[in-house]
Amino acid sequence: MIKEFVRKRSIHLCIVNTGGCNGCDVEILSCLSPRYDIEQYGIYVHNNPREADILVITGPTTLPWIERVKELYEKVPEPKVVVAVGACALSGGIFKEGHVLGGIEKIIPVDAKVPGCPPRPSEIIEGILKAAKLLAEKEKRMKK
């Protein structure tokens with residue numbers, strides 16, 4: 001009962017790095033710092049995709065991650081939104097010549113994109129807030 005009450009008033013993220021240099025992950029961690037404080041918007045980070053509303057993907061999709069990303073996407077409850085953070089998640093970035101599939105959109109649908117190598121924390125927060133609006137719209141459609 002309490003968990004449902006809290007979840008209706010906050011957004012929960014699950015961050016997945018599918019390979020790469022971790023530059024975007026460092027910038028996402030900056031979003032949690034006192035300077036940007038993403039939690040002031042009611043956005044919290046979880047490791048469990050079953051508790052997430054938004055799946056945040058960073059890094060190029062390496063070949064071993066293809067099936068795992070599909071599994072993680074399926075575990076996120078409806079309504080769900082996917083945010084691709086960084087050039088690597090969008091197109092493979094500097095790793096596109098290696099053993100990578102390319103952008104995450106080839107595997108799962110992406111609702112919000114945050115370009116950059118790496119994007120700034122303020123841009124990441126904007127992308128997540130945009131995704132939160134999409135999540136609210138999807139939730140309204142599901143209730144109808």
Side-chain angles (χ1 to χ4, degrees), residues 2-4 6-142:
I2 293 173
K3 185 176 180 182
E4 291 176 10
V6 171
R7 286 194 50 137
K8 286 183 181 178
R9 287 159 179 76
S10 60
I11 303 295
H12 299 265
L13 306 177
C14 179
I15 300 168
V16 179
N17 181 340
T18 57
C21 70
N22 296 335
C24 294
D25 296 324
V26 170
E27 297 300 322
I28 289 173
L29 287 177
S30 294
C31 294
L32 299 170
S33 72
R35 181 172 184 171
Y36 294 99
D37 191 21
I38 199 169
E39 291 181 352
Q40 72 180 326
Y41 301 107
I43 299 171
Y44 301 96
V45 177
H46 292 280
N47 291 329
N48 187 353
R50 291 188 175 118
E51 294 181 12
D53 301 307
I54 299 174
L55 190 62
V56 179
I57 306 291
T58 65
T61 307
T62 57
L63 300 179
W65 270 96
I66 294 172
E67 290 303 316
R68 185 71 179 131
V69 167
K70 290 177 187 176
E71 290 173 18
L72 289 170
Y73 179 76
E74 293 301 319
K75 288 180 182 179
V76 176
E78 292 289 342
K80 55 187 156 192
V81 175
V82 176
V83 179
V85 176
C88 294
L90 296 174
S91 66
I94 61 171
F95 301 101
K96 63 184 168 192
E97 300 297 322
H99 296 285
V100 298
L101 178 68
I104 194 70
E105 255 184 333
K106 294 180 180 177
I107 303 172
I108 58 176
V110 173
D111 299 294
K113 300 174 183 178
V114 183
C117 185
R120 293 209 228 87
S122 58
E123 295 168 343
I124 295 170
I125 292 171
E126 284 179 30
I128 291 171
L129 291 176
K130 177 183 173 188
K133 289 179 185 175
L134 293 171
L135 184 68
E137 291 172 9
K138 284 185 176 185
E139 200 169 85
K140 283 181 184 177
R141 277 188 249 136
M142 284 182 67

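All residue numbers refer to positions in the sequence shown, counting from 1.
Taking CG from Asn17 and SG from Cys88, the interatomic distance works out to 9.0 Å, rounded to the nearest 0.5 Å. For the atom pair Ile38 CD1 and Ile11 CD1, the distance stands at 10.5 Å (nearest 0.5 Å). Taking CD1 of Ile43 as the start and CG of Leu13 as the end, the distance is 6.0 Å to the nearest 0.5 Å.
Contact record, Cys31 with Ile125: SG-CG1, 3.8 Å, taken as the closest heavy-atom pair. Across every non-hydrogen atom of Tyr36 and Ser30, the tightest pair is CD1-O, 3.4 Å. The shortest non-hydrogen separation linking Asp53 to Val76 is O-CG1, 4.2 Å.
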Would you be so kind as to tabulate the donor-acceptor pairs closer than 3.5 Å made by side chains of residues 105-119, with sequence neighbours excluded?
| residue | atom | partner | partner atom | Å |
| --- | --- | --- | --- | --- |
| Glu105 | OE1 | Lys113 | NZ | 3.3 |
| Glu105 | OE2 | Lys113 | NZ | 3.4 |
| Lys106 | NZ | Leu101 | O | 3.2 |
| Asp111 | OD2 | Val82 | N | 3.0 |

For residues 54-68, run the donor-acceptor check on the side chains, cut-off 3.5 Å, and write out each pair with its distance to 0.1 Å, sequence neighbours left out.
| residue | atom | partner | partner atom | Å |
| --- | --- | --- | --- | --- |
| Thr58 | OG1 | Asp25 | OD1 | 2.9 |
| Thr62 | OG1 | Thr18 | O | 3.1 |
| Arg68 | NH1 | Glu71 | OE1 | 3.2 |

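Annotation: side chain to side chain donor-acceptor pair (under 3.5 Å) contacts of Asp37 (sequence neighbours excluded): none. With sequence neighbours left out, the side chain to side chain contact (heavy atoms under 4.5 Å, CB included) criterion links Asn48 to Arg50, Glu51. Taking the side chain to side chain donor-acceptor pair (under 3.5 Å) definition, one finds that Lys80 meets it with nothing, sequence neighbours left out. Remark: Glu74 pairs with no residue by the side chain to side chain donor-acceptor pair (under 3.5 Å) rule, at least two apart or across chains. Qualifying side chain to side chain donor-acceptor pair (under 3.5 Å) partners for Glu39, counting only residues two or more places apart in sequence or in other chains: none. In this structure, Val26 has no side chain to side chain contact (heavy atoms under 4.5 Å, CB included) partners at least two apart in sequence or on a different chain.
At least one side-chain heavy atom of Glu27 sits under 4.5 Å from a side-chain heavy atom of Pro121.
Every pair tested for side-chain hydrogen bond (donor to acceptor under 3.5 Å, both in side chains) that includes a residue from residues 116-129 fails, sequence neighbours excluded, so the list is empty.
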